[in-house]
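See structure below.
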Amino acid sequence: MALNPSTKKLKKSFYQRELLTVAKDLLGKILVKSIGKEFLAGKIVEVEAYHGDKDEAAHSFGGITKRNEIMFESGGYLYVYFTYGAHHCCNVVTGKKGQGTAVLIRAVEPVVGLTSMIKNRFGRKLNSEKEIFNLTSGPGKVCQAFRIDRANSGTDLTGKEIFILDREKIKSKDIGVSKRIGITRSVDLPWRFFIKDNPYLSRR
DNA sequence: ATCAAGATTACCT
DNA sequence: GGTAATCTTGATA
């Protein structure tokens, strides 16, 4: 599948809406990273929402720090953090300035640039076709495949380096909802959203 | 200056 | 299903 030139970049107005609305609407959209002449692209299939006011699991819950300050910007920026001494995770900042709301991109379905993603993830060629489903099926994996790290935190998503293309709108009946994964506080909030039955989810 | 915890992953049994 | 790896960040002294 090639990038459809008729698709358009999502604008600031898309991101600057209410957190949970943006989280669900991001499903089915195409995350794109430009690296030199090449483009890497993946369809967003799994996300989680984080809220600075009513969500103890959010990095923004305790207020602004040097690490999370971009989360408090108005919607339309990328927030990238490093965790467990090994992994980067990327988030889309949403809402209005000062809210501290963002959507974690947990998994994408590879669309363009598969060869580079495979190299970025494994440093070799595929051993088996099954490894395709292990390329971008988790937040740390997405960042490794797309070569996203803290240097990309603060990127304006309406720019040329990293952006998201409008594509399909997933119907609510096709969106799964669950508790979030890997957190220890505010564990009962049903703020994980995913495309039902998609084979590239972090959990099947 | 020191310390504990972490929005994960890969590898083990 | 369980857990070690690994290091940045933010809190505390």
Side-chain angles (χ1 to χ4, degrees), chain A residues 15 19-20 22-24 26-27 31 42 44-73 75 77-95 99-110 117-155 157 162 164 176-195 199-204:
Chain A
Y15 300 106
L19 169 67
L20 299 183
V22 179
K24 284 179 271 196
L26 278 171
L27 295 173
L31 173 69
I44 298 170
V45 299
E46 177 179 343
V47 299
E48 283 177 1
Y50 287 87
H51 194 300
D53 288 336
K54 42 195 171 188
D55 173 12
E56 292 183 62
H59 288 169
S60 50
F61 184 72
I64 297 181
T65 65
K66 190 166 186 179
R67 174 172 73 154
N68 67 21
E69 60 183 352
I70 191 64
M71 266 185 94
F72 290 89
E73 263 305 325
Y77 291 90
L78 196 69
Y79 166 52
V80 184
Y81 65 89
F82 182 71
T83 190
Y84 291 106
H87 307 290
H88 296 276
C89 298
C90 76
N91 303 252
V92 173
V93 178
T94 68
Q99 287 185 319
T101 56
V103 177
L104 171 69
I105 297 179
R106 286 195 55 89
V108 307
E109 175 178 329
M117 291 185 202
I118 290 163
K119 191 174 179 186
N120 293 339
R121 280 273 294 134
F122 306 123
R124 54 166 172 76
K125 295 187 177 176
L126 284 191
N127 286 337
S128 119
E129 286 299 314
K130 286 184 180 176
E131 287 185 323
I132 288 285
F133 300 106
N134 189 32
L135 255 192
T136 52
S137 54
K141 298 175 189 178
V142 170
C143 285
Q144 189 180 16
F146 279 69
R147 273 202 254 160
I148 291 172
D149 63 25
R150 277 169 300 171
N152 299 295
S153 198
T155 301
L157 290 171
I162 302 174
I164 301 177
V177 180
S178 79
K179 295 176 182 179
R180 295 172 297 176
I181 294 173
I183 55 172
T184 58
R185 295 185 292 176
S186 297
V187 292
D188 288 330
L189 292 173
W191 284 1
R192 172 173 175 256
F193 305 102
F194 54 93
I195 300 177
Y200 296 89
L201 299 176
S202 67
R203 295 197 178 177
R204 300 293 304 277

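Numbers restart at 1 for each chain; the letters A, B, ... are given by sequence-line order, proteins then strands.
Residues A:F122 and A:Q144 are not in side-chain contact: their nearest non-hydrogen atoms beyond the backbone lie 4.5 Å or more apart. Within the 4.5 Å cutoff, side-chain heavy atoms of A:I181 are placed close to those of A:S202.
Counting non-hydrogen atoms under 4.0 angstrom, A:A86 reaches nothing in the nucleic acid. Among the protein residues, A:S202 comes within range of no part of the nucleic acid, since none of its heavy atoms lies under 4.0 Å from any strand. Nucleic acid contact for A:L104: base, since at least one base atom lies under 4.0 Å from a heavy atom of the residue. If you check every strand for non-hydrogen atoms under 4.0 Å, A:R185 touches nothing.
Side-chain to base pairing of A:Y84 with B:dA5: no donor and acceptor N or O lie closer than 3.5 Å to each other.
If you take NE2 of A:H88 and P of C:dT9, they are 10 Å apart, rounded to a whole angstrom. Between A:N91 atom CG and B:dT8 atom C1' there is a gap of 14 Å when expressed in whole angstrom units. Atom C1' of nucleotide B:dA7 and atom CH2 of A:W191 are separated by 13 Å, given to the nearest angstrom. As rounded to whole Å, 14 Å separates atom P of C:dG10 from atom CZ of A:F82. In this structure, the CD atom of A:E69 is 16 Å from the C1' atom of C:dT8, given to the nearest Å. Following rounding to the nearest Å, A:I64 (CD1) and C:dA11 (P) show an atom-to-atom distance of 13 Å. At whole-Å resolution of the value, CZ in A:R150 and P in C:dC7 are 11 Å apart. Nucleotide B:dA7 holds its C1' atom 17 Å from the CZ atom of A:F194, rounded to whole Å.
Judged by closest nucleotide on DNA chain B, A:S60 is the one of A:S60 and A:N134 placed further toward the 5' end.
The aromatic rings of A:W191 and A:H51 sit tilted, their planes meeting at an angle between 30° and 60°. Aromatic ring orientation, A:H59 versus A:Y81: perpendicular (interplanar angle above 60°, classes split at 30° and 60°).
Among C:dG10, B:dT8, C:dT8, the nucleotide with an atom closest to any side-chain atom of A:T83 is B:dT8.
When Watson-Crick and G-U wobble pairs are counted only if both distances are under 3.5 Å, C:dT9 pairs with B:dA4.
A:R67 has no side-chain polar atom (N or O) that falls below the 4.0 Å cut-off from OP1 or OP2 of C:dA11. One finds a side-chain N or O of A:H59 lying less than 4.0 angstrom from the OP1 or OP2 phosphate oxygen of B:dA7. Between A:T65 and C:dG10, a side-chain N or O to OP1/OP2 separation shorter than 4.0 Å is present. When the side-chain nitrogen and oxygen atoms of A:T184 are compared with OP1 and OP2 of B:dG6, one or more of them lie within a distance under 4.0 Å.
Across A:R124, A:R121, A:K125, a single residue satisfies salt bridge (charged side-chain N to carboxylate O under 4.0 Å, His left out) together with A:E131, and that is A:R124.
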